[in-house]
Engineer: 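Structure incoming, see below.
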Amino acid sequence: MTRNRTLHQPLAWTEKGAYIRRARHPWRWLAAFVSLCLFLIGLQSLGYLAPARDLLLEALTPAQAGLAHLATQARNVTQTLHDLQTLRQRNAELEAEVNRLLVENVQLKEIEAENANLRRLLAFAEQHPFFQYRGAQVVARVIGRDPNNLANFVAIDLGREQGMREGMPVITERGLVGRISRVSRNSSQVLLIIDPASAVNGMIQSSRLTGVVQGQVGGGLVIDYIPQDAKVLPGEIVITSGLGGQFPRDLVIGQVIAVRQRDYEMFQQAIVRPSVDFGQIEQVLVITDFVPVAEDEEATESP
Amino acid sequence: MRLLLCAPLLGLLALLQSSLLPHFSIIGAHPDLVLLAVVSWTLLRGLTEGLTWAFVGGLWLEALSGAPFGLSLLALVIVAFLVSPLETTLFRQHIVFLIATVTAASFVNGAVYLLLLRLSGNPGAALAALWRIVTPAALYTGLLTPIVYPGFRWLHRITWREQLEW
């Protein structure tokens with residue numbers, strides 16, 4: 001610490017009873033740090049920080065996976081104290097059955113709706129990809145969540161080395177989780193559909209009305225851009241429409257729980273409860289054989 | 001030297017915040033350890049070190065986050081700046097004061113983040129998020145203060161070399 005401190009320099013009280021020098025010109029310090037932040041934001045937007053981030057994540061992924069494993073183990077131990085083994089097993093069986101029946105139910109309704117359409121249009125047999133989201137999948141483990149409470153991303157333990165690409169849809173047996181938004185060498189970030197940055201083209205299964213399913217700050221889901229004259233009822237299932245080519249069709253998104261209709265607005269909205277419990281996801285499936293439209297076009301354009 | 005101390009420590013805290021603490025979330029919110037560290041250190045060491053910790057901690061959060069780059073970083077730097085005048089108060093070691101400061105700082109951090117999110121063009125119900133997410137997270141973080149803060153005070157003592165000025 002300098003000896004030629006001026007008498008005007010502000011002082012602060014330390015816990016050991018001595019005076020220390022306080023920073024002069026706090027606003028200048030703030031301006032310097034904010035400028036540094038803005039400079040880094042600029043570098044990031046130009047892509048210069050990506051290699052450093054990749055390197056850092058490469059080093060952190062094993063630790064992150066280890067901690068996630070530890071947390072899962074700890075939770076399992078706590079759970080075991082509360083539950084009897086047989087009850088847990090029975091519960092898991094019933095849950096799997098419910099999931100299977102839910103998916104089967106959705107598929108059957110899809111088939112029914114498609115048959116009705118085909119009959120009405122006098123169309124001939126058309127192969128419908130009933131099990132299109134049962135295609136090439138890989139199982140990934142969730143190894144981290146976004147450290148910020150207001151952002152909804154999860155980190156998975158598969159990356160570029162394992163064939164992950166940006167835009168690949170991520171699902172669980174209960175429905176759509178999100179899509180891969182950033183890929184590192186051995187890990188990826190998944191943008192959840194409940195994040196405000198996420199928008200998925202959705203469709204109300206029974207009425208075939210399409211809209212945009214938008215994430216909300218706080219983790220909710222809303223299906224927007226439904227025409228005012230359309231009738232939407234609570235309890236209806238919302239699935240992906242496949243429009244826009246960002247997601248496969250017929251993935252379950254959730255269920256309508258309320259409808260927001262205001263006379264002065266052009267469209268009505270419906271609040272959707274996601275079918276996936278985003279607080280509990282531990283393993284997810286990544287659909288690797290689905291190529292989002294934008295990516296497909298880029299691949300075609302490249303020599 | 002101080003950077004050598006804070007960088008790995010804040011990295012560890014960010015890692016815990018990302019991997020372990022979400023499993024202990026209450027009504028959807030988990031505590032913000034990095035913010036707690038930044039606020040504690042700012043109260044103990046003042047503006048310049050507080051800003052440095054905020055910057056380094058923010059970078060760690062950005063590395064582990066999928067959110068638009070820079071929001072957590074800027075929010076933490078602003079919070080460190082706002083907390084720094086409290087360094088001179090005589091009550092800064094009082095536990096109630098510490099809990100209140102950390103809770104308020106966490107709330108402000110969330111509010112600044114939401115504001116920056118809105119300014120960067122992301123829609124969403126900010127007021128609802130303040131009530132439903134930011135407030136529980138702030139309270140949770142504040143309640144952790146009596147457990148975590150003594151660790152930072154200990155670290156402050158062993159790294160602080162008393163220098164007489166007079």
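All chains are named by letter (A, B, ...) in the order of the sequence lines, taking the proteins before the strands, and each is independently numbered beginning at 1. Every heavy atom of this structure was used, including side-chain atoms; hydrogens, water molecules and symmetry mates were not.
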Engineer: Could you tell me the separation between the CD atom of A/Q64 and the CG atom of A/L60, rounded to the nearest 0.5 Å?
Structural biologist: 6.5 Å
Engineer: Measure the acute angle between the ring planes of B/F55 and A/F33, then classify it against the limits of 30° and 60° as parallel, tilted or perpendicular.
Structural biologist: perpendicular
Engineer: Keeping B/S106 on the side-chain end and B/V102 on the backbone end, is there a donor-acceptor pair under 3.5 Å?
Structural biologist: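 Side chain of B/S106 to backbone of B/V102: no pair is present.
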Engineer: Given the options B/V134, B/L33, B/L74, B/L61, which has more heavy-atom pairs under 4.5 Å with chain A than any of the others?
Structural biologist: B/L74
Engineer: My understanding is that only one of A/V200, A/V213, A/L176 makes a side-chain contact (heavy atoms from CB on, under 4.5 Å) with A/V238; could you say which?
Structural biologist: A/V213
Engineer: Within a strict 4.5 Å, meaning less than it, do heavy atoms of the A/L30 and B/V77 side chains meet?
Structural biologist: yes
Engineer: In terms of heavy-atom pairs under 4.5 Å, which option from A/A68, A/A52, A/C37, A/G144 contacts chain B the most?
Structural biologist: A/C37
Engineer: Take a 6.0 Å sphere around OH of A/Y225 and say whether it holds more than 12 heavy atoms from other residues, nucleotides or ligands.
Structural biologist: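 No - once you tally the heavy atoms of other residues, nucleotides and ligands closer than 6.0 Å, there are 12 at most.
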Engineer: Of the backbone (N, CA, C, O) and the side chain (C-beta and beyond), which part of B/F69 lies under 4.5 Å from a heavy atom of chain A, both, or neither?
Structural biologist: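 Answer is both: backbone and side chain atoms of B/F69 are under 4.5 Å from chain A.
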Engineer: Using side-chain heavy atoms (C-beta onward) and a distance below 4.5 Å, is A/L57 in contact with A/N186?
Structural biologist: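 No, side chains not in contact.
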Engineer: When you measure from the side chain of B/S72 to the backbone N and O of B/E62, does any donor-acceptor pair fall under 3.5 Å?
Structural biologist: no
Engineer: Which one wins on heavy-atom pair count under 4.5 Å against chain A: B/L51, B/D32, B/L15?
Structural biologist: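 Option with the top pair count is B/L51.
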Engineer: Identify which part of B/W131 has an atom lying under 4.5 Å from any heavy atom of chain A, answering side chain, backbone, both or neither.
Structural biologist: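 No part of it gets close to chain A.
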Engineer: Top residue by heavy-atom pair count (under 4.5 Å) with chain A, among B/G110, B/A137, B/G66?
Structural biologist: B/G66
Engineer: Could you look at B/L64 and say if it's the side chain, the backbone, both or neither that has a heavy atom under 4.5 Å from chain A?
Structural biologist: both
Engineer: Can you tell me if A/Q189 and A/R182 form a side-chain donor-acceptor pair at under 3.5 Å?
Structural biologist: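 Per modelled atom types, A/Q189 and A/R182 side chains form no pair under 3.5 Å.
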Engineer: Less than 4.5 Å to any heavy atom of chain A: does that hold for the side chain of B/L59, its backbone, both, or neither?
Structural biologist: side chain
Engineer: Which of residues 23-31 of chain B have a heavy atom under 4.5 Å from any heavy atom of chain A?
Structural biologist: B/H23, B/G28, B/A29, B/H30
Engineer: Pick one of side chain, backbone, both or neither for A/R145, based on which atoms fall under 4.5 Å of a heavy atom in chain B.
Structural biologist: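 Interface part for A/R145: both.
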Engineer: Enumerate donor-acceptor pairs with a distance under 3.5 Å from any side-chain N or O in residues 38-48 of chain A to protein atoms, sequence neighbours excluded.
Structural biologist:
from: A/S45; atom 1: OG; to: A/I41; atom 2: O; distance (Å): 3.3
from: A/S45; atom 1: OG; to: A/G42; atom 2: O; distance (Å): 2.7

